[in-house]
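Fair warning: this is a prediction, and the values are worked out from it, not measured in the lab. Any value given below was found using the heavy atoms of this structure, including those in side chains, with hydrogens, waters and symmetry copies removed. Note on naming: letters A, B, ... go to the chains in the order of the sequence lines (proteins, then strands), and numbering restarts at 1 for each one.
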Amino acid sequence: MPELPEVEILARHLGPLLKNRTIRGVEVLRKRVIAPTTELELAKALRGATFDDLIRRGKYLLFGLRSPDRDKPTLLLGHLGMTGRMFLIDPAASVPKHAAVTLDLGNLRFVFEDTRYFGRLTLDTEALSRLGPEPLGPEFTPKYLAAELKRSTQAIKIKMLDQSLVAGVGNIYASEALFCARISPRIAARRLKPAQISRLCECVREVLNRAINLGSTLALTFAGDGSSDGLFYYGSDGTNAGSLEERFAVYDRAGLPCGVCQTPIRRIVQAARSTYYCPQCQR
DNA sequence: CACCATGTTCCTTG
DNA sequence: CCAAGGAACATGGT
């Protein structure tokens, strides 16, 4: 569940649940997800530490912890990769098959589970230094975007996925934002006109905000039960998540009619990833 | 068996 | 040095 809106919703839910809980033990089941931190370093930094705050930056989660024996707060960086999830379970309950890291919180167990193990939970915060501005923050302006795009020959869709351009937009919302802005995903970034850049800037904010607002309305438990614990965006469960077509105008809708002009939505491959767009509306 | 999947990093090429 | 392209990572669903 991993683009900016989903990470934002997770942070809002998990933050209050973790606040003031102290870590009693650390269990690493997949070393690769904590790299380059070692098991020893992680256990040393986290055991006895207490959760303070949880914020999102791009698609990253930043856990702030305080320790009785340390002056400075400890920062723990999380990333969900493609399939990562984080939730709290009863310590007596079984740990999921692809659990990568678990934290003993006494009467609760924090679980970071990730079937593909592309995610991260690490003390290494270097990745943050490579991130561009927050799309919902004040730095992400048409002026900024124009300056960044003017030398790039890359297709705008591919450029939107560049986390150093803007942090948090992924494959789904890149397609959605370009549809909203009526811009062809194939056009070279440097060819965008000022009016298009302004629309794109606004549309990025709009699609992300709408997804966050939708996520805020859902009753999520983050209990790891698989139905309402954060998989609000793919999920079989149309019950509280709403169907895909209610949420996405073009993503995963190849062959289905465009909601504006009825032209069939097209799927193309760019940088080895699917892009969906309306060939009529997006010129 | 084939192809597809919400992401990032590393290596190569130009 | 930089931009861009592609492979790798790992597992599961269809």
pair A/Met160-A/Val204: side-chain heavy atoms closer than 4.5 Å: yes
So, is A/Gln163 close to the B/dT8 phosphate, meaning a side-chain N or O under 4.0 Å from OP1 or OP2? yes
Is the shortest side-chain N/O distance from A/Lys159 to OP1 or OP2 of C/dA3 below 4.0 Å? no
Testing B/dG7, B/dT9, C/dG12 for proximity to the side chain of A/Thr115, the answer is C/dG12
Interatomic distance where CD belongs to A/Gln154 and P belongs to C/dA4 [whole Å]: 5 Å
Identify which nucleotide among C/dA4, C/dG12, C/dC9 has an atom closest to any side-chain atom of A/Arg32, counting heavy atoms from C-beta outward. C/dC9
For B/dC3 versus C/dA7, give the span between their P atoms, rounded off to a whole number of Å. 14 Å
Quick one: A/Asn171 CG to B/dA5 P, roughly how many Å, whole number? 8 Å
Choose from C/dA4, C/dA10, B/dA5 the nucleotide whose nearest atom is closest to any side-chain atom of A/Phe118. C/dA10
So, OP1 or OP2 of B/dT9: does either fall under 4.0 Å of a side-chain N or O from A/Arg120? no
Of the listed C/dA4, B/dT6, B/dT8, the closest approach to the A/Glu3 side chain comes from B/dT6
Side-chain contact check for A/His79: nearest option of B/dT8, C/dT11, C/dA4 is B/dT8
When rounded to whole Å, the CG to P distance for the pair A/Leu165 and B/dT8 reads 13 Å
Whole-Å distance between C/dC9 P and A/Arg30 CZ? 13 Å
Starting at OH of A/Tyr60 and ending at P of B/dT6, how long is that distance when rounded to a whole Å? 17 Å
Using the side-chain heavy atoms of A/Met82, tell me which of these nucleotides is nearest: C/dA10, B/dT6, C/dA4. B/dT6
Any side-chain to backbone donor/acceptor pair from A/Glu134 onto A/Arg57? Under 3.5 Å, distance only. no
Here the distance between atom P of B/dT6 and atom CZ of A/Arg253, to the nearest Å, is 17 Å
C/dA10, B/dT9, C/dG12: which one has an atom nearest the side-chain heavy atoms of A/His98? C/dG12
Tell which nucleotide pairs with B/dT12, taking only Watson-Crick or G-U wobble pairs whose two distances are both under 3.5 angstrom. C/dA4
Contact between A/Arg85 and A/Leu80 at the side-chain level, heavy atoms closer than 4.5 Å - yes or no? no
For the side chain of A/Lys59, starting at C-beta, report the closest nucleotide among C/dA4, B/dT8, B/dT6. B/dT8
Please work out which of the three classes, parallel, tilted or perpendicular, describes the rings of A/Phe51 and A/Phe110, given edges at 30° and 60°. tilted
Distance check, rounded to the nearest 0.5 Å: A/Leu105 atom CG versus A/Ile23 atom CD1? 6.5 Å
Taking any heavy-atom pair under 4.0 Å as a contact, classify A/Arg273: base, sugar-phosphate, or nothing. base
Which of the following nucleotides, B/dA5, C/dA10, C/dA4, is nearest to the side chain of A/Tyr251? B/dA5
Hydrophobic clusters here meaning ILVMFWY residues chained together by side-chain heavy-atom distances under 4.5 Å, can you tell me if A/Ile183 and A/Ile268 are in one? no
Quick one: is C/dA4 close enough that its OP1 or OP2 comes under 4.0 Å of any side-chain N or O from A/Ser152? yes
B/dA2 pairs with which nucleotide, Watson-Crick or G-U wobble, both distances below 3.5 Å? C/dT14
Which is true for A/Thr83 with a 4.0 Å heavy-atom rule: it touches a base, it touches only sugar-phosphate, or it touches nothing? nothing
Using a 6.0 Å distance limit plus a 45 degree cone around the ring axis, check whether A/Arg30 lies over the aromatic ring of A/Tyr117. yes
Can you check the A/Asp114 CG to B/dT8 C1' distance for me, whole Å? 12 Å
Presence of donor-acceptor pair under 3.5 Å, side chain of A/Arg116 and base of B/dA5: yes
Without decimals, in angstroms, what is the distance between A/Glu6 CD and B/dG7 C1'? 13 Å
